[in-house]
Number of protein chains: 4
Amino acid sequence: MAELFHSSQPIYQQLAERIKKQILRGELTLGEKLPSVRDTGIEVNVNPNTVQRTYRELEAMHIVESRRGQGTFVTDDRVVLDSIREEMKLAVMNEFFQQMYEMGYSNEEIKQGLMEFVNRKGEENR
Amino acid sequence: MAELFHSSQPIYQQLAERIKKQILRGELTLGEKLPSVRDTGIEVNVNPNTVQRTYRELEAMHIVESRRGQGTFVTDDRVVLDSIREEMKLAVMNEFFQQMYEMGYSNEEIKQGLMEFVNRKGEENR
Amino acid sequence: MAELFHSSQPIYQQLAERIKKQILRGELTLGEKLPSVRDTGIEVNVNPNTVQRTYRELEAMHIVESRRGQGTFVTDDRVVLDSIREEMKLAVMNEFFQQMYEMGYSNEEIKQGLMEFVNRKGEENR
Amino acid sequence: MAELFHSSQPIYQQLAERIKKQILRGELTLGEKLPSVRDTGIEVNVNPNTVQRTYRELEAMHIVESRRGQGTFVTDDRVVLDSIREEMKLAVMNEFFQQMYEMGYSNEEIKQGLMEFVNRKGEENR
DNA sequence: GTGGTCTAGACCACA
DNA sequence: GTGGTCTAGACCACT
């Protein structure tokens, strides 16, 4: 079994991140039901309470909606999802630039370095 | 006073990151002496124990070395510093790609999105 | 379709509240027959069991009575209805005062704040 | 011992409400330290985990700030607190009006009913 | 000593 | 069967 979590970040956050991304890239679609807290717990080998904490966090982000007695569902509001995706994309880009900038790279160097990086990646995948 | 630290990451790590970057971008040069644990503590309003821990972490990365009775100094080994810089740059780029990829963006989209982002940033700074 | 229920309160209670108010403000009159459990279920898109539970709660408040084989009817006892209305009005006012008081507002401030509020509301509806 | 909680709402929410109001009405001041999770647990006779859930909720509302190894503190941002107070005041008033309105009372009736209510309350407290 | 995470297990209300 | 709450208790990292 592949190790699913690393230890430097709480499990509930790692799990939330993973599910969030599954939703953002469309692997889980609008309105779809997530597996129950208990089933997910078994699947990723984690206590159901921990899974529930994950679902609670996702609900606070409005990515997911819990309905008592029925289950937990991906939001059916496309607008919310789109805005979250855009927001996250910006955050990731900002973080990247911030980091590079603080290491002393100029905008040009960042651009260039990234191009090389992409191209190298492209070759690797051939 | 502006808030220097956020709460989601240990202060000693945030402080280590900051000093590390100051060194990487040359603000602190090879062999230069860092301020004492006490002085830094006062300056950033943090417990000296915490600063101590920061210096310990930096020493473990070989970015810094402490000399008994003299203080803590930036390493004077340029090679070490260069390799750390390169390593960190790769790590930051990898992290960026990983994140974007997991959100469902293709290499092309990442490249393009980033270009727009840089250009927009360039305009802002005019 | 507009969302009819929020998730923080049981659906059967939300539905009971709604029907109760329809009766209190005379939208459903003394002795009038309520739609069947099944019809209501279809109309508000809810499990008939849940509607059943709603009707049971309303019956326990003596707002409604079910007659075997005939259906569920608004009580025909005006006195009961009046006393429930008065009771609820007092409860709502008490709750309001309690809340404001616990937030640190004095009786005078509550009065004044409320006047402004009403007047502002009046203007909005012009 | 007076009963501190009723059963119809989760303890962690009731506790959060109570502390929130203590802060809003100035009983706990800007930047003040709350008792530790454990101490509060003992005081209100509740499991520390439950208290922590309370503190977490308050932190999510930006009313409170947790600092690792130091404790939990009332926010020191007066602006945040003021806006929360105003927001809550509006919410409470809105809720009140909504309720009365749904029971069939007009704005005038609400105003009048409330005046009587305040005056009666004033007499009681004599 | 402080907050934070996680588990195991019990119990409840809802649908 | 579903989510939600609560407890008891262990363990960890930070200050």
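So you know, we letter chains A, B, ... as the sequences are listed, proteins then strands, and number each from 1.
Side-chain proximity of A:Asn47 to E:dT7, E:dT2, F:dC6: nearest is E:dT7. Counting only heavy atoms from C-beta on, D:Gln52 has its side chain closest to E:dT5 among E:dT5, F:dC6, F:dT5. Comparing F:dC6, F:dG3, E:dT2 by their closest approach to the side chain of D:Ile11 singles out F:dC6. Proximity note for D:Gln70 (side chain, C-beta onward) versus F:dT5, F:dT15, F:dT2: the nearest is F:dT15. Set against F:dG3, E:dT5, E:dC14, the side chain of C:Gln13 has E:dC14 as its closest nucleotide. Nearest to the side-chain atoms of D:Ser36 among the listed nucleotides F:dG3, E:dG3, F:dC14 stands E:dG3. When distances are taken from the side chain of A:Val46 to each of F:dG3, E:dG3, E:dT7, the shortest belongs to E:dT7.
Closest-nucleotide positions on DNA chain E for D:Pro35 and A:Arg67 were compared, and the one nearer the 5' end corresponds to D:Pro35. Residues A:Pro10 and D:Gly69 both approach DNA chain E. Their nearest nucleotides, taken by heavy-atom distance, put D:Gly69 toward the 5′ side. The residue among A:Arg68 and D:Asn49 whose nearest nucleotide of DNA chain F is located toward the 5' end is A:Arg68. When each of B:Gln9 and D:Arg38 is assigned the nucleotide of DNA chain F bearing its nearest heavy atom, the one mapping closer to the 5' terminus is D:Arg38.
Residues B:Ile19 and B:Thr54 form a side-chain contact, since some pair of their non-hydrogen atoms from C-beta on lies under 4.5 Å apart. Side-chain contact between B:Met88 and B:Lys20 is present, with heavy atoms from C-beta onward closer than 4.5 Å. A heavy-atom distance below 4.5 Å is found between the side chains of A:Val46 and A:Phe5. The side-chain heavy atoms of A:Val37 and A:Tyr55, taken from C-beta on, include a pair separated by under 4.5 Å.
Taking NZ of A:Lys89 as the start and CE of B:Met103 as the end, the distance is 8.0 Å to the nearest 0.5 Å.
For the pair A:Ile42 CD1 and E:dA8 P, the computed distance is 12 Å after rounding to whole Å. For the pair D:His6 NE2 and F:dC6 P, the interatomic distance rounds to 11 Å; values are reported in whole Å. For the pair C:Arg56 CZ and E:dC14 C1', the interatomic distance rounds to 12 Å; values are reported in whole Å. In this structure, the OH atom of D:Tyr55 is 17 Å from the P atom of E:dG1, given to the nearest Å. If you take CD of D:Glu65 and C1' of E:dG4, they are 16 Å apart, rounded to a whole angstrom. Whole-Å rounding puts the D:Phe5 CZ to F:dT7 C1' distance at 15 Å. Put simply, CG on A:Asp39 is 13 Å from C1' on F:dG3, counting in whole angstrom units. Following rounding to the nearest Å, C:Leu15 (CG) and E:dC14 (C1') show an atom-to-atom distance of 14 Å.
Look at C:Tyr12 and you'll find a side-chain N or O under 4.0 angstrom from OP1 or OP2 of E:dC14. Side-chain N/O atoms of D:Thr50 include one lying less than 4.0 angstrom from OP1 or OP2 on F:dT7. Between D:Ser66 and E:dG3 there is no side-chain polar atom (N or O) within less than 4.0 angstrom of OP1 or OP2. A close approach under 4.0 Å does occur between a side-chain nitrogen or oxygen of C:Arg53 and OP1 or OP2 of E:dC14.
Base pairing of F:dC14: its partner is E:dG1, meeting the Watson-Crick or G-U wobble criterion (both donor-acceptor distances under 3.5 Å). Base pairing of E:dA8: its partner is F:dT7, meeting the Watson-Crick or G-U wobble criterion (both donor-acceptor distances under 3.5 Å).
Side-chain N/O atoms of A:Gln99 and A:Glu95 include a donor and acceptor closer than 3.5 Å.
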